[in-house]
Amino acid sequence: MKKPGGESVQKEAVRTMNRLMRAGFSSNAIFKVLRAWDLPEEALAGVEEEMD
């Protein structure tokens, strides 16, 4: 899986999260990966909203 980037980084981060969730990864593991990618805070906020 490649690191989300470009203008649609938030949308790509949410897609990545959804793929990982369908593969059976926990939300903690997913956020660990997304944080390791050093994504902008706006992208992570969008992912957190999807989790709620």
Side-chain angles (χ1 to χ4, degrees):
M1 213 174 253
K2 66 180 185 172
K3 176 182 175 179
E7 292 181 16
S8 61
V9 68
Q10 183 173 358
K11 190 182 225 181
E12 289 181 36
V14 170
R15 282 188 191 143
T16 299
M17 177 205 66
N18 288 332
R19 284 186 201 144
L20 291 171
M21 288 190 79
R22 283 192 302 271
F25 289 91
S26 70
S27 58
N28 288 336
I30 294 168
F31 279 110
K32 188 180 272 190
V33 168
L34 294 177
R35 286 189 187 104
W37 278 342
D38 207 20
L39 297 175
E41 285 298 317
E42 317 73 74
L44 293 177
V47 170
E48 288 173 352
E49 289 173 9
E50 289 289 321
M51 298 290 287
D52 294 335

**Message:** Are the side chains of Thr16 and Trp37 in contact, using a 4.5 Å heavy-atom criterion?
**Reply:**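 Heavy-atom side-chain distance check passes, below 4.5 Å.
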Please round to the nearest 0.5 Å and tell me the distance separating atom [atom1] of [X] and atom [atom2] of [Y].
{"X": "Arg22", "Y": "Met17", "atom1": "CZ", "atom2": "CE", "answer": "9.0 Å"}
{"X": "Glu12", "Y": "Arg19", "atom1": "CD", "atom2": "CZ", "answer": "8.5 Å"}
{"X": "Ser26", "Y": "Leu20", "atom1": "OG", "atom2": "CG", "answer": "10.0 Å"}

**Item:** For Met21 against Ile30, the heavy-atom pair lying closest together
**Value:**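 Scanning both residues, the minimum pair turns out to be CG-CD1, 3.2 Å.
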**Request:** Please answer whether the main-chain N or O of Lys11 pairs with a side-chain N or O of Ser8 as donor and acceptor at a distance below 3.5 Å.
**Result:**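 Not a single qualifying donor-acceptor pair exists.
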